[in-house]
Protein chains: 2
Amino acid sequence: MNVTGHTRGSSSIRDVAAAAGVSYQTVSRVINGHPSVRQSTRERVLAAIDELGFRRNATALALARGRSRAVTVLTANTTHYGYASILQGVEEAARAAAYSVGVGVLESADEAAVTVEVQRAADAGGGLIVIAYDPAGVRALESVPAGLPVVGVVETPASDPTGDRPWVWTDDREAAYEVTRHLLSLGHETVHYVAIPSSTRRTSARTGGWRQALKEAGAPEPPPVQGGWGPAGGHAAGLELARDPSVTAVLCGNDDLALGVLRALHEAGRSVPGEVSVAGFDDAPHSAYLTPSLTTVRLDFTGLGRAAFALLHGVLEESAPVAPRRVSVPELVVRESSGRPPA
Amino acid sequence: MNVTGHTRGSSSIRDVAAAAGVSYQTVSRVINGHPSVRQSTRERVLAAIDELGFRRNATALALARGRSRAVTVLTANTTHYGYASILQGVEEAARAAAYSVGVGVLESADEAAVTVEVQRAADAGGGLIVIAYDPAGVRALESVPAGLPVVGVVETPASDPTGDRPWVWTDDREAAYEVTRHLLSLGHETVHYVAIPSSTRRTSARTGGWRQALKEAGAPEPPPVQGGWGPAGGHAAGLELARDPSVTAVLCGNDDLALGVLRALHEAGRSVPGEVSVAGFDDAPHSAYLTPSLTTVRLDFTGLGRAAFALLHGVLEESAPVAPRRVSVPELVVRESSGRPPA
DNA sequence: CTGAAAGCGCTTACAG
DNA sequence: CTGAAAGCGCTTACAG
């Protein structure tokens with residue numbers, strides 16, 4: 001205990017200095033790999049560090065340097081496949097670079113609530129990665145104060161969505177376009193769409209890709225059905241679509257939605273793919289094992305997370321190269337749930 | 001810029017003091033809600049804070065106080081349902097308490113690798129929550145240095161697994177016991193088990209509950225089949241079990257495993273539940289929407305995460321009450337995948 | 001009720 | 001090559 005009431009847990013730079021018989025500045029030089037330290041001095045310091053089990057205090061380092069090796073991921077969700085995989089990718093890359101990773105959840109898209117979360121994330125020091133796939137995320141990205149290092153993970157952008165801020169994306173517009181074309185090529189007259197909540201008031205990238213494919217094929221454009229994020233929403237949407245006998249092909253905004261649609265069609269007595277074809281989005285781990293196994297399009301979310309971190313890392317270390325922005329090309333995976341329409 | 005090269009981003013306690021015409025100590029008192037500040041002074045300071053957009057620097061606070069409002073979750077995985085839900089629960093509770101939450105992934109159970117991760121987590125300051133459901137997590141919990149605030153999320157413990165450290169658990173031994181009894185009560189001669197990797201070299205809690213139910217019923221005890229964590233492993237295990245015509249009931253260590261088993265039985269032409277009953281573990285979001293929908297046992301993982309944080313919070317604020325340790329009672333959910341054995 | 005001092009554990013120029 | 005000083009932005013006793 002000293003005057004300010006601290007109990008000293010571990011040893012400090014000064015303890016090491018005392019043990020090595022040098023000043024603490026010299027210890028600082030050694031732990032920072034500064035070249036101008038005599039070899040014998042360095043060795044004595046290193047020995048003392050080892051003996052005392054010294055670890056440099058990250059908090060003090062951050063305060064003295066004015067920045068910390070930390071990144072916090074701001075996201076509306078941590079459990080859905082896409083979000084969770086991006087977080088996983090960020091963590092992998094951050095760990096490799098010896099950065100700590102924090103996570104802040106945006107529970108509401110409400111302006112005040114979002115601002116509070118962004119502030120909290122900013123308070124943590126370090127940089128920010130914002131997953132802007134939904135209204136809360138988009139708003140968060142917009143409200144990051146200028147000067148704070150941030151990269152956005154965004155949907156396929158119509159135009160640059162974040163001003164001059166760096167961002168990464170995987171081409172889900174293209175992906176939606178590809179799956180829709182796949183279904184049309186099987187002979188379906190049109191493809192219905194069960195949508196995930198869009199990131200903005202306007203059309204989402206996935207909806208856009210689907211619509212474009214229909215347009216090019218001269219197919220009718222049925223209104224998208226809103227499905228939410230999970231199987232329950234997909235189930236409700238599926239029951240609705242099952243009532244319409246003209247529906248022969250359904251594209252879903254993600255694989256969980258597709259799972260619910262599959263179930264709804266089963267309950268309605270409509271066979272897949274015999275009477276209705278179903279396709280998902282993301283290629284979640286379970287999709288290959290459903291019965292029928294799910295036709296879907298694979299997106300590299302962990303790669304996206306790694307790319308987001310790499311970009312942020314460049315910004316933080318001020319060695320930022322012109323980074324690639326489109327991370328990967330989506331891959332169509334055709335399985336049992338899609339086939340020719342009934343004759 | 002000043003002598004040490006810092007560029008001052010936002011305003012400090014001193015700027016506020018200057019603007020309010022008081023000393024910075026008084027500002028400190030105001031932001032800490034200290035009672036002995038004259039009302040008029042307080043108002044002037046508050047006005048200055050508002051005007052300058054002052055936010056107290058969390059790093060400096062942590063350094064001065066010697067501890068930070070932070071928790072880091074150490075886990076082998078962030079995407080599997082149980083792990084992801086625990087993390088979600090921790091984040092919810094931490095956010096409500098204005099704690100920041102970090103996450104560190106234990107990619108290997110290797111002793112050196114685990115130690116590195118524990119050290120990194122400790123460096124972040126604040127407390128630790130370790131998910132000890134697997135060898136990496138168990139080892140991490142063991143190697144947390146004494147004196148560091150930590151709570152473990154553990155399997156049903158045979159005896160106190162972490163010495164004097166606080167821990168929380170949900171009763172998965174009981175859960176396994178219940179599902180097994182459910183299957184036996186339907187008339188099955190015995191129940192086969194597809195296991196998730198155990199947390200230690202010894203029997204896991206789930207395996208133990210299953211075995212106990214068999215023992216009490218005088219049923220034969222077939223050797224557990226190792227399935228790993230995901231549907232692919234379940235699929236392989238399912239194909240193996242499908243070859244044995246005497247198998248009429250299969251319990252799986254989690255719902256993803258069950259999904260793979262369901263698929264394997266389908267491929268082998270064995271109907272569920274007509275010929276074989278299948279039950280899972282966890283009640284993941286998709287399980288109710290599978291065809292057949294999955295009989296399983298619901299575990300409250302987010303509640304577990306919240307409880308872990310509450311316990312840690314108590315430890316950190318030194319107001320630790322004797323906390324409840326068993327968080328919730330598992331709930332059997334009977335759906336379509338279980339039924340009577342074939343005649 | 002309010003201010004001046006010392007300290008948290010580190011870094012960055014500045015001297016020698 | 002190495003040491004003494006000043007500073008990061010805050011808090012905690014200590015004086016008045």
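Order of the sequence lines sets the chain letters (A, B, ...), proteins ahead of strands, with each chain counted from 1.
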J.: Give one of base, sugar-phosphate or nothing for A:T41, where a contact means two heavy atoms less than 4.0 Å apart.
T.: sugar-phosphate
J.: Between C1' on C:dC1 and CD on B:E43, what's the gap in Å once rounded to a whole number?
T.: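 Taking CD of B:E43 and C1' of C:dC1, I get 15 Å after rounding.
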J.: Return the value, rounded to whole Å, for the distance between atom CD1 of B:I49 and atom P of D:dC10.
T.: 10 Å
J.: Hey, which sits more toward the 5' end of DNA chain C by its nearest nucleotide, B:R38 or B:A60?
T.: B:R38
J.: Report which part of the nucleic acid A:R29 touches: base, sugar-phosphate, or nothing (heavy-atom distance under 4.0 Å, all strands).
T.: base
J.: Can you identify which nucleotide, out of C:dG9, D:dT2, C:dA4, has its nearest atom closest to the B:Q25 side chain?
T.: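 So the side chain of B:Q25 is nearest to C:dA4.
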J.: So, is A:T26 close to the D:dG3 phosphate, meaning a side-chain N or O under 4.0 Å from OP1 or OP2?
T.: yes
J.: In whole angstroms, how far is the P atom of C:dC1 from the CD atom of B:Q39?
T.: 10 Å
J.: Just N and O in the side chain of B:R67: are any of them under 4.0 Å from OP1 or OP2 of C:dC8?
T.: no
J.: Go nucleotide by nucleotide along DNA chain D from the 5' end; which of A:P35 and B:R55 gets its closest nucleotide reached first?
T.: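 The residue closer to the strand's 5' end, by nearest nucleotide, is A:P35.
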J.: A:Y24 OH to D:dG3 P: how many Å, rounded?
T.: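 Nearest whole value for this atom pair: 11 Å.
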J.: Base, sugar-phosphate or nothing for A:R14? Non-hydrogen atoms, less than 4.0 Å.
T.: base
J.: CD1 of A:I13 versus C1' of C:dT11: gap in Å, rounded?
T.: 8 Å
J.: Between A:S12 and C:dG9, is there a side-chain N or O to OP1/OP2 distance below 4.0 Å?
T.: no
J.: I want to verify a distance call: between C:dA5, C:dT11, C:dG3, whose nearest atom is closest to the A:N32 side chain?
T.: C:dT11
J.: Which heavy atom of B:Y133 sits nearest to which heavy atom of B:E155, and what is that distance?
T.: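 Looking at all heavy atoms of both residues, the closest pair is CE2-N, 3.9 Å.
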J.: Given atom CG of B:N57 and atom P of D:dG9, what is their separation to the nearest angstrom?
T.: 7 Å
J.: By the 4.0 Å heavy-atom rule, please label B:S36 as base, sugar-phosphate, or nothing.
T.: base
J.: Measure from the side-chain N and O atoms of B:T41 to the backbone N and O of B:V37, and report whether any donor-acceptor pair falls under 3.5 Å.
T.: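 No; zero donor-acceptor contacts below 3.5 Å.
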J.: Sort and list the pairs that fulfil ring pair (Phe, Tyr, Trp, His ring centres under 6.0 Å) and have at least one residue in residues 33-80 of chain A, not counting sequence neighbours.
T.: A:H80-A:W229
J.: Specify the closest pair of heavy atoms between A:L52 and A:A19, including all atoms of both residues, with the distance to one decimal.
T.: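 The answer is CD1-CB, 3.9 Å.
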J.: For the backbone of A:A93 and the side chain of A:R306, can you confirm whether one donor and one acceptor N or O come within less than 3.5 Å of each other?
T.: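 No; zero donor-acceptor contacts below 3.5 Å.
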J.: Write down the distance between CG (A:L61) and P (C:dT11), rounded to a whole number of angstrom.
T.: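 Between P of C:dT11 and CG of A:L61: 6 Å.
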J.: Side chain of B:S28 only, heavy atoms from C-beta on: which candidate in C:dG3, C:dT11, D:dT12 is closest?
T.: D:dT12
J.: Please determine, for C:dC1, whether a Watson-Crick or G-U wobble partner exists with both distances under 3.5 Å, and give it or none.
T.: D:dG16
J.: Measure the distance from CZ on B:R56 to P on D:dG9 and round it to the nearest whole Å.
T.: 15 Å
J.: For this output row, return yes or no: ring centroids of B:Y83 and B:F301 closer than 6.0 angstrom.
T.: no
